[in-house]
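For the numbers below, each heavy atom of this structure counts, side chains included, while hydrogens, waters and symmetry mates do not.
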Amino acid sequence: MQSIWNGAISFGLVSIPVKLANATVSHAVSFRQIHTEDGGRIRYRKVCELEEKEVPSSEIGKGFEDADGSIIPITEEDLASLPLPTTRTIDIVAFVESERIDPLQMGNAYYLMVNGAPAAKPYALLREALRRSERVAIAKFALRGRERLGMLRVVDEVIAMHTLHWPDEIRSPEEAAPETDVTVRDAELDLADALMDTLGDVDLDSLHDDYREAVEEMVTAKVEGREPAPEKEPAQGEGTVIDLMSALESSVREAKRSRGEGEGEDAGEEGGEKGKDAEVTSLSSRRRTGTRAKSSGGSGSGAKKKSAPAKKKASSGSGKSAASSSRGKSGSGRSSTAKKTASSGSGTKKTASSSTTKKKTASSRKRSA
């Protein structure tokens with residue numbers, strides 16, 4: 001890791017030689033300005049306004065522009081004579097709780113690396129002291145010709161330093177606050193909390209720059225002589241929320257749907273809201289419908305019910321025929337004929353006449369005997 005500054009951490013009477021290295025790296029895609037007519041590169045040249053000619057870097061110095069527009073030259077000797085005790089020192093001035101540092105103050109991040117083996121012991125001492133106290137160190141240091149404010153904290157096994165804006169460099173947020181008084185209802189807060197819970201946590205390592213990837217894909221396609229794949233345009237918001245409650249509810253449902261959660265509940269809610277789109281038949285109504293179908297069914301069911309009285313008559317007829325057959329023990333052939341007649345449901349009168357005939361036949365047989 002390449003260092004950009006060498007110095008020492010001043011921790012009371014303890015001096016810790018360190019090197020400063022950038023903790024972050026930018027992967028943003030940079031472009032060059034070109035002449036659209038012929039593709040020629042556009043370059044900036046440092047030109048003197050008075051002589052209207054290009055000036056080399058060796059002849060360029062610093063100057064301070066006064067309120068009236070006049071330029072006051074400032075030499076390197078002038079700057080070197082100024083008192084700047086933190087030129088090569090990160091001077092720790094206090095240890096405070098991390099909650100006292102407003103994130104608005106935080107700027108660039110750097111890693112502090114030990115500069116030589118003898119610095120390892122005091123470096124580890126400061127690191128463990130910060131870790132155990134759960135505090136951060138506030139320090140002053142000089143970088144690129146100006147004094148800066150910094151915050152030292154522990155990141156894994158390394159001491160990291162963040163540049164801090166000076167307190168008077170933080171603008172007041174009052175001018176950015178809404179000018180009108182707005183009242184937020186508890187129901188709206190509950191929906192906002194539900195949306196926050198639905199979105200849940202995220203693995204920060206999984207986040208990436210979609211725009212940079214799209215730009216790199218476009219450049220690759222142009223180099224290979226092919227058309228880049230069309231990108232889906234993001235949904236454009238209207239800019240004005242008409243119904244805040246409806247927007248929050250829709251956001252919660254969409255968040256759940258994207259995470260694959262609560263699909264059944266969402267379907268039930270949508271079914272309740274859109275009753276015309278889906279009709280639900282309850283179990284009791286289905287039973288009533290089945291009963292109606294049975295009562296007003298086809299001819300088969302009706303024929304069965306109508307045949308019930310006929311069966312009763314047939315059973316009564318068969319009972320009478322059975323009695324007549326028991327009275328006449330002889331003449332089994334004729335009695336079987338009578339049974340067939342009774343089972344066919346010929347009626348009570350025919351059964352009675354057959355029994356009378358049987359009596360006459362029995363009496364004649366006795367006489368002949």
Side-chain angles (χ1 to χ4, degrees), residues 23-28 96-109 131 134-136 151 153-156 160 162 164-165 167 170-217 229-286:
T24 61
V25 58
S26 175
H27 294 291
V96 300
E97 291 77 12
S98 59
E99 291 79 8
R100 291 182 55 185
I101 305 301
D102 193 329
L104 286 173
Q105 288 187 259
M106 300 179 65
N108 297 331
R131 195 198 305 274
E134 297 181 352
R135 290 184 291 179
V136 297
M151 178 190 72
R153 68 185 184 97
V154 178
V155 178
D156 294 336
H162 298 266
L164 298 179
H165 294 285
I170 305 299
R171 301 173 65 180
S172 173
E174 295 179 357
E175 298 179 359
E179 296 180 357
T180 58
D181 294 334
V182 179
T183 302
V184 180
R185 296 180 295 171
D186 291 339
E188 295 169 341
L189 283 175
D190 293 340
L191 280 174
D193 292 339
L195 178 58
M196 293 168 63
D197 294 338
T198 304
L199 293 176
D201 200 356
V202 65
D203 182 10
L204 296 179
D205 294 334
S206 65
L207 302 179
H208 57 278
D209 190 348
D210 294 327
Y211 179 77
R212 176 175 61 86
E213 293 181 357
V215 171
E216 292 176 349
E217 171 61 24
E231 295 290 337
K232 294 182 180 180
E233 295 184 359
Q236 298 293 334
E238 297 180 358
T240 302
V241 179
I242 299 176
D243 188 349
L244 182 58
M245 293 290 290
S246 177
L248 288 171
E249 291 173 353
S250 301
S251 300
V252 172
R253 287 195 297 268
E254 184 62 28
K256 288 183 177 180
R257 189 178 296 109
S258 63
R259 296 171 66 92
E261 299 175 358
E263 295 180 356
E265 297 177 0
D266 294 343
E269 292 177 0
E270 292 179 359
E273 294 177 358
K274 302 179 181 179
K276 297 181 179 179
D277 296 342
E279 183 177 355
V280 180
T281 304
S282 62
L283 184 60
S284 59
S285 62
R286 290 182 180 178

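Annotation: D181, atom CG; neighbour count of heavy atoms from other residues, nucleotides and ligands within 6.0 Å does not exceed 12.
Side-chain contact between L104 and H165 is absent, with no heavy-atom pair separated by less than 4.5 Å.
For E97, the side-chain contact (heavy atoms from CB on, under 4.5 Å) partners are E99, R100, R135, not counting sequence neighbours. By the salt bridge (Lys or Arg N to Asp or Glu O under 4.0 Å) test, R185 pairs with E188, sequence neighbours left out. Listed by chain and residue number, D193 satisfy the side-chain contact (heavy atoms from CB on, under 4.5 Å) test with M196 (two or more places apart in sequence, or in another chain). Partners of L189 by side-chain contact (heavy atoms from CB on, under 4.5 Å), not counting sequence neighbours, listed by chain and number: V184, D186. Scanning for side-chain contact (heavy atoms from CB on, under 4.5 Å) contacts around A187 gives M245, with sequence neighbours left out.
In this structure, CG on L164 lies 11.0 Å from CG on N108, to the nearest 0.5 angstrom.
Nearest approach of M106 to I101, heavy atoms of both residues: CG-CG2, 4.3 Å.
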Please tabulate, one pair per line, all N/O donor-acceptor pairs under 3.5 Å involving side-chain atoms of residues 208-215, not counting sequence neighbours.
| unit_1 | atom_1 | unit_2 | atom_2 | d |
| --- | --- | --- | --- | --- |
| H208 | ND1 | S206 | O | 3.3 |
| H208 | NE2 | D210 | OD1 | 2.8 |
| D209 | OD1 | Y211 | N | 3.1 |
| D209 | OD1 | R212 | N | 3.2 |
| R212 | NH1 | E216 | OE2 | 3.1 |

